[in-house]
Amino acid sequence: MLDENYPVIDYGKGVYLFDMDGNRYLDAASGAVTANIGHGVAEIIEAMQEQAKRVSFVYRSQFTSEAAENLAKKIAEWTPGELNWSFFVNSGSEATETAMKMAIQYWQELGIHTKTKILSRWVSYHGITMGALSMSGHPARRARFVPLLEEFPVINPPYCYRCPYNLEAPSCGYMCAKELETVIKRIGSEQIAAFIAEPVIGAAGGAISPPKDYFKIIKTICEDNNILFIADEVMTGFGRTGSMLACEHWGVIPDIVALGKGMGAGYAPIAAAVASEKIMEPILAGSKSVMSGHTLSANPQSCAVSLAVLNYLEKNKIMDEVESKGVYLKNQLEKMKGIYSFIGDVRGKGLLVGIELVEENRTKAPFPRTANLTQKVIGIAKEKGLLVYPAGAGIDGVNGDAIIISPPLTITKREIEELVALLKESFTTLSNLLNTGRER
Ligand SMILES: Cc1ncc(COP(=O)(O)O)c(C=O)c1O
């Protein structure tokens, strides 16, 4: 906020940040679900220096670099199926926007020029640039620009806590996934290039994780209707949920995947749209160029940093422990439900955990928007030296509060215990505040 006085950060070490006034913060948000290996890792800083000594920048239409080539190779190795072609950009928004453009171009290279729409879901966030925002089902972020945006969000999310059909998985028959088929029929598959979704919904939904067969059904509907499937793994990629891609939990391989955040882990701005061989074949046989890109795309400096981050993840086997750490954290949070009636739902996957906050967990009634509850919780926690990430919740994008707990994947068990203790303190303060408000 422009009227807020932010603390000035001095340095970071591991899961902690220290400000100039000597305050310590446990970064249980990884900034914005980004600092996946924690702060101040010496190996990354060394890699940064080594690359800077060689060359920091070359332009992608003139040169490539060892760092960019090795990074692309590593991503191809780590991703499932034939997701072999990385197009490097600088932010998650650019990654989803490039993915969207690749999908449209794929059909054009095959001689099909009508398939230009990208379908998406409500309760989603794919980025702030106009293409990415057009795909985002995030009413608050769309509001100012609606006349300039495409109406790409068309179906409900797999939001079991507030099922739009008032059903329960798996007996629900996955109505929310099957909506996609209905919408495709209404619009006409000949108009649609792709469907995009976040495997676990981040900022818009507070870590909404789908029921088991959801993505299998979605992928089948896409294939049956000649529509590409884009996974937005900007938040979930690179081990955040315990596997390289969150899609892997459900055995689904996307045609194109958007990556960002954890890719540079906050040490450098870098992101990517990664396309499968199927997508690249007609492009390689046709125009031989993807119509996207930026001046700093594939700059050696960011690529070297990202490569060092991936090597660090690999060498220290960090992904292997994410699921068990996530279960441990979630168990502690579940226990808090009995203490604080405003904890409605605890959800998520791996170390992407969401807590939906409600006025009363028996009724699931949300706090009114005017209560500004998410920001209150974030503020209280920060005062106590704990950083948590704000998220939206609620099916209509109006009322609904959630926070995301997404510490660096390197967090230890002792640090998780400290995180939980600080969160408890924060919730107790919130509880007192709410009770005082009620008595008045
Ligand atoms: C799932 C998802 N996609 C895209 C983006 C946009 O990324 P960036 O903020 O790096 O542009 C975000 C950012 O929060 C995200 O969570």
Side-chain angles (χ1 to χ4, degrees), residues 29-36 87-103 118 120-138 140-142 145 149 152-153 157-158 194-210 215 229-241 244-247 254 256-274 292-294 296-297 302 305-306 309 348-354 374 378 387-393 397 402-406:
S30 298
V33 201
T34 299
N36 280 9
F87 192 109
F88 296 126
V89 290
N90 315 292
S91 70
S93 304
E94 293 169 29
T96 58
E97 187 128 354
T98 295
M100 162 184 156
K101 287 171 179 151
M102 278 175 164
I118 312 289
S120 67
R121 309 181 296 194
W122 286 105
V123 191
S124 67
Y125 182 59
H126 300 293
I128 207 69
T129 55
M130 287 312 205
L133 197 55
S134 278
M135 297 188 283
S136 299
H138 194 305
R141 293 186 185 167
R142 291 175 70 94
F145 311 106
L149 300 176
F152 288 157
F195 172 72
I196 185 168
E198 297 159 80
V200 178
I201 303 169
I208 294 172
S209 192
F215 273 110
F229 173 54
I230 304 172
D232 178 353
E233 299 246 12
V234 167
M235 191 178 272
T236 48
F238 295 103
R240 175 49 65 186
T241 69
M244 165 61 194
L245 300 182
C247 271
I256 307 173
V257 67
L259 297 168
K261 293 187 184 273
M263 186 171 166
Y267 289 86
I270 186 158
V274 184
S292 189
H294 303 267
L296 291 171
S297 283
S302 296
V305 169
S306 176
V309 168
K349 213 148 184 56
L351 283 170
L352 182 58
V353 176
T374 301
I378 302 287
L387 304 177
V388 294
Y389 194 62
I403 56 169
I404 288 178
I405 315 285
S406 51

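First listed ligand is number 1; within each ligand, the first listed atom is number 1. Both backbone and side-chain heavy atoms feed into the values below; hydrogens, waters and symmetry mates do not.
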Would you check whether [X] has a nitrogen or oxygen atom less than 3.5 angstrom from a nitrogen or oxygen atom of ligand 1?
X: Ser93; value: yes
X: Lys261; value: yes
X: Thr96; value: no

May I ask you to list the atoms of ligand 1 that are less than 4.0 angstrom from any heavy atom of [X]?
X: Glu198; answer: 1 (C)
X: Gly127; answer: 4 (C), 6 (C)
X: Asp232; answer: 1 (C), 2 (C), 3 (N), 4 (C)
X: Gly92; answer: 6 (C), 7 (O), 8 (P), 10 (O), 11 (O)
X: Met235; answer: 16 (O)
X: Ser91; answer: 10 (O), 11 (O)

Which one of His126, Glu97, Met135, Glu94 has a non-hydrogen atom at the shortest distance from atom 4 (C) of ligand 1?
His126
If you compare all heavy atoms of Arg121 against all heavy atoms of Pro153, which two are closest, and at what distance to 0.1 Å?
O-CB, 3.8 Å
Stepwise, does the side chain to side chain contact (heavy atoms under 4.5 Å, CB included) test hold for Ser297 with Glu94?
CA-CA 10 Å; Ser297 283; Glu94 293 169 29; 5.5 Å; no
So which protein heavy atom does atom 5 (C) of ligand 1 come closest to, and at what separation?
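Sorting protein heavy atoms by distance from atom 5 (C) of ligand 1 puts Val234 CG1, 3.9 Å first.
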Start with the C-alpha distance between Leu133 and Arg141, add both sets of side-chain angles, then the distance that settles side chain to side chain contact (heavy atoms under 4.5 Å, CB included), and finish with yes or no.
CA-CA 8 Å; Leu133 197 55; Arg141 293 186 185 167; 4.1 Å; yes
Is there a side-chain contact between Ile270 and Val305 in this structure, where contact means two heavy atoms from C-beta onward sitting under 4.5 Å apart?
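They are not in side-chain contact.
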Mind checking whether Phe195 and Phe229 have parallel, tilted or perpendicular rings, split at 30° and 60°?
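Parallel.
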Check: Val257 main-chain N/O paired with Glu233 side-chain donor or acceptor under 3.5 Å:
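Side chain of Glu233 to backbone of Val257: no pair is present.
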Leu245 vs Thr236, test: side chain to side chain contact (heavy atoms under 4.5 Å, CB included). Steps then yes/no.
CA-CA 7 Å; Leu245 300 182; Thr236 48; over 6 Å; no
